[in-house]
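Notes for the one structure printed next.
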Amino acid sequence: MASVDVNPTAVENYANPKTCFFHVIFKAASLAFYILSALFVSNFVIIFVVTVLLAALDFWVVKNVSGRILVGLRWWNEINDLGESVWKFESLDQESLARMNKKDSWLFWWTLYLTAALWIVLAIFSLIRLQADYLLVIGVCLTLSIANIIGFTKCRKDAKQKIQQFASQTIASQFSSTIQSAFSVV
């Protein structure tokens, strides 16, 4: 039987499988615990505390670890001296962002949005079943999820804007130096 050689460059694997695992596991754990606990646990306080704790762990891992490693982005929010909220963004340079693993990036963005969508679906079910207390759990989890979506989306736009500014400055300086060298010959 002939063996089939697979070109390793043709199949792109996850560059950071451990980070991808932890990026997904806390999302899955909070959703799974919330859904399954309704079947097996009758104590709302336990459901609330464990679900919110898992969602908070997910928020922290995404914001401080997987966002930086999987997509090269980091965000935070500060309160300035005037008491105003100021968003801060950090991203890798253009060259490093271009080298980010596509599968890692795909997993990061899809799970970020999919988790929020699932919490919205669960909120609709809780509304239909008139379970206001469970809406509180979902509200906290959805808020944490949406905060990461907003933070990373703004961060990505900020990174793209910086890349465009860098590119236009580079082109302008190249054009300027070309014109200067052309006139210096004359």
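Between the CG atom in Leu53 and the CZ atom in Phe33 there is a gap of 10.0 Å [rounded to 0.5 Å]. Here the straight-line distance linking atom CG of Asn13 with atom NZ of Lys103 works out to 5.5 Å at 0.5 Å rounding. Atoms CG and CD1, from Leu122 and Ile138 in turn, are 5.0 Å apart once rounded to the nearest 0.5 Å.
Cluster annotation: Val121 is not connected to Trp119 through the hydrophobic network of ILVMFWY side chains, with a link wherever side-chain heavy atoms come within less than 4.5 Å. Transitive grouping of hydrophobic side chains (ILVMFWY, heavy atoms separated by less than 4.5 Å) keeps Ile120 and Leu127 in distinct clusters. The cluster map of Ile, Leu, Val, Met, Phe, Trp and Tyr, joined by side-chain heavy atoms under 4.5 Å apart, puts Leu136 and Phe125 in different clusters. In the hydrophobic clustering of this structure, Ile46 does not group with Leu135; members are Ile, Leu, Val, Met, Phe, Trp, Tyr whose side-chain heavy atoms approach within less than 4.5 Å, directly or through other members. Following chains of ILVMFWY side-chain contacts shorter than 4.5 Å, one can reach Trp110 starting from Leu107, so the two form part of one hydrophobic cluster.
Using a 4.5 Å heavy-atom threshold, the side chains of Asp58 and Leu54 count as separate. Side chains of Val137 and Phe44 form a contact here, defined as non-hydrogen atoms less than 4.5 Å apart. Contact of the Val41 side chain with the Val50 side chain is not registered, since no non-hydrogen atoms from C-beta on lie closer than 4.5 Å. Two residues are said to be in side-chain contact when any heavy atoms from C-beta on lie closer than 4.5 Å; Thr115 and Leu31 meet this criterion.
A donor-acceptor contact closer than 3.5 angstrom is absent between the side chains of Ser145 and Tyr113.
In this view, Asp81 satisfies the side-chain hydrogen bond (donor to acceptor under 3.5 Å, both in side chains) rule with no residue, not counting sequence neighbours. Here Ser85 pairs with Asn77 under the side-chain hydrogen bond (donor to acceptor under 3.5 Å, both in side chains) rule; sequence neighbours left out. For Ser66, the side-chain hydrogen bond (donor to acceptor under 3.5 Å, both in side chains) partners are His23, not counting sequence neighbours. Shown here are the side-chain hydrogen bond (donor to acceptor under 3.5 Å, both in side chains) partners of Trp76, two or more places apart in sequence or in another chain: Glu78. Among residues two or more places apart in sequence or in another chain, the salt bridge (Lys or Arg N to Asp or Glu O under 4.0 Å) test is passed with Arg74 by Glu90.
Within 6.0 Å of the CZ atom in Phe48, the count of heavy atoms belonging to other residues, nucleotides or ligands exceeds 12.
Taking all atoms of both residues into account, the shortest heavy-atom contact from Ala55 to Ser30 is N-CB, 3.9 Å. For Ile150 against Trp87, the heavy-atom pair with the smallest separation is CG2-CH2, 3.9 Å. Between Leu142 and Ala116, the shortest heavy-atom contact is CD1-O, 3.5 Å.
For residues 122-144, the pairs satisfying side-chain hydrogen bond (donor to acceptor under 3.5 Å, both in side chains) are Tyr34-Ser126, with sequence neighbours left out.
Within the 3.5 Å criterion, the main-chain N or O of Phe108 finds a donor-acceptor partner in the side chain of Thr111.
Trp109 pairs in a side chain to side chain contact (heavy atoms under 4.5 Å, CB included) with only one of the listed residues (Leu70, Leu114, Val71), which is Val71.
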